[in-house]
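In what follows, a structure is listed as structure tokens, so that the remarks can point back to it.
Since this is a predicted model, take the numbers as computed values, not measurements.
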Amino acid sequence: MKENDITRTVCDYLAIKHYFFWRANTAAIYNAKAGSYRAMPKYGKNGVPDIILIVDGKFWGLEVKMPKNKQQQSQIDFQTDCEKAGGIYRVVHSLDEVIALGL
């Protein structure tokens with residue numbers, strides 16, 4: 001199973017449970033015509049988690065990783081800022097871990 005498969009499974013589960021969530025896809029987009037990657041928007045954030053939820057008025061960020069994969073520094077920085085602001089951020093490796101969070 002790949003990270004994308006885990007992400008899709010988690011999103012399918014959240015949809016069935018009727019959570020308010022979205023899949024954040026912030027990968028750089030290559031512009032073949034210009035021969036470069038599209039710039040990040042002025043107030044865009046690096047390290048945004050894969051899945052964002054609002055649960056009982058609280059921001060949740062779920063970063064999906066394969067068991068052996070580690071967060072990038074930008075993801076660690078986002079997690080730190082998120083938690084300082086009162087949000088909840090978790091790295092998850094499976095649907096079972098998401099369910100264990102009480103979601």
Side-chain angles (χ1 to χ4, degrees):
M1 189 175 262
K2 299 177 184 176
E3 279 182 6
N4 218 18
D5 298 326
I6 298 168
T7 302
R8 188 174 17 264
T9 300
V10 170
C11 287
D12 289 344
Y13 168 79
L14 295 172
I16 289 168
K17 299 294 269 182
H18 303 288
Y19 280 103
F20 175 60
F21 77 97
W22 61 97
R23 168 76 170 93
N25 192 355
T26 57
I29 297 175
Y30 186 72
N31 181 338
K33 208 172 199 179
S36 62
Y37 287 92
R38 185 170 60 182
M40 178 72 92
K42 183 176 181 180
Y43 294 104
K45 289 292 249 177
N46 287 325
V48 173
D50 297 310
I51 302 169
I52 297 171
L53 305 91
I54 307 295
V55 179
D56 297 327
K58 193 78 149 174
F59 175 97
W60 280 71
L62 301 178
E63 179 61 36
V64 178
K65 291 288 183 196
M66 294 295 291
K68 293 182 182 180
N69 291 356
K70 305 284 185 207
Q71 288 175 287
Q72 296 173 17
Q73 187 59 50
S74 62
Q75 294 168 329
I76 293 168
D77 294 343
F78 188 98
Q79 178 177 2
T80 299
D81 292 344
C82 176
E83 291 172 345
K84 280 183 185 176
I88 299 167
Y89 182 108
R90 298 291 183 267
V91 177
V92 296
H93 307 93
S94 68
L95 176 58
D96 288 339
E97 287 184 17
V98 172
I99 293 169
L101 292 171
L103 295 173

Joint cluster assignment, Ile88 & Tyr13, ILVMFWY side-chain distance < 4.5 Å: yes

Any side-chain heavy-atom pair of Leu101 and Leu62 under 4.5 Å: yes

Single-linkage hydrophobic cluster, 4.5 Å side-chain cutoff, Val55 and Val64 together: yes

Glu3, CD atom: more than 12 neighbouring heavy atoms under 6.0 Å: yes

Validation row: Lys65, Val92 side chains within 4.5 angstrom (heavy atoms): no

Distance in Å, Leu95 CG paired with Thr7 OG1, rounded so as to fall on 0.5 Å steps: 11.5 Å

Straight-line distance of Cys11 SG to Leu53 CG, nearest 0.5 Å: 8.5 Å

Nearest non-hydrogen partners of Lys70 and Gln75, listed with the distance: O-OE1, 4.5 Å

Cluster link Trp22 to Val48, ILVMFWY, side chain under 4.5 Å: yes

Smallest separation among heavy atoms of Ile52 and Ala24, with atom names: CD1-CB, 4.0 Å

Cluster overlap Ile99 with Leu103, hydrophobic side-chain contacts below 4.5 Å: yes

Cationic N near anionic O, under 4.0 Å, Asp5 to Arg8: yes

Closest non-hydrogen atom pair, Met1 against Ile6: SD-CG1, 3.5 Å

Test side-chain hydrogen bond (donor to acceptor under 3.5 Å, both in side chains) applied to Gln79 and Gln71, step by step: CA-CA 10 Å; Gln79 178 177 2; Gln71 288 175 287; 3.1 Å; yes

Straight-line distance of Met66 CE to Ser94 OG, nearest 0.5 Å: 10.5 Å

Asp56 side chain vs Lys58 backbone, donor-acceptor pair below 3.5 Å: no

Listed once per pair and sorted, the ring-ring contact (aromatic ring centres under 6.0 Å, His included) pairs that draw on residues 61-103, sequence neighbours left out: none

Closest contact, heavy atoms only, Val91 versus Glu97: O-OE1, 3.8 Å

ring-ring contact (aromatic ring centres under 6.0 Å, His included) contacts in which one or both residues fall within residues 30-69, not counting sequence neighbours: Tyr30-Tyr37

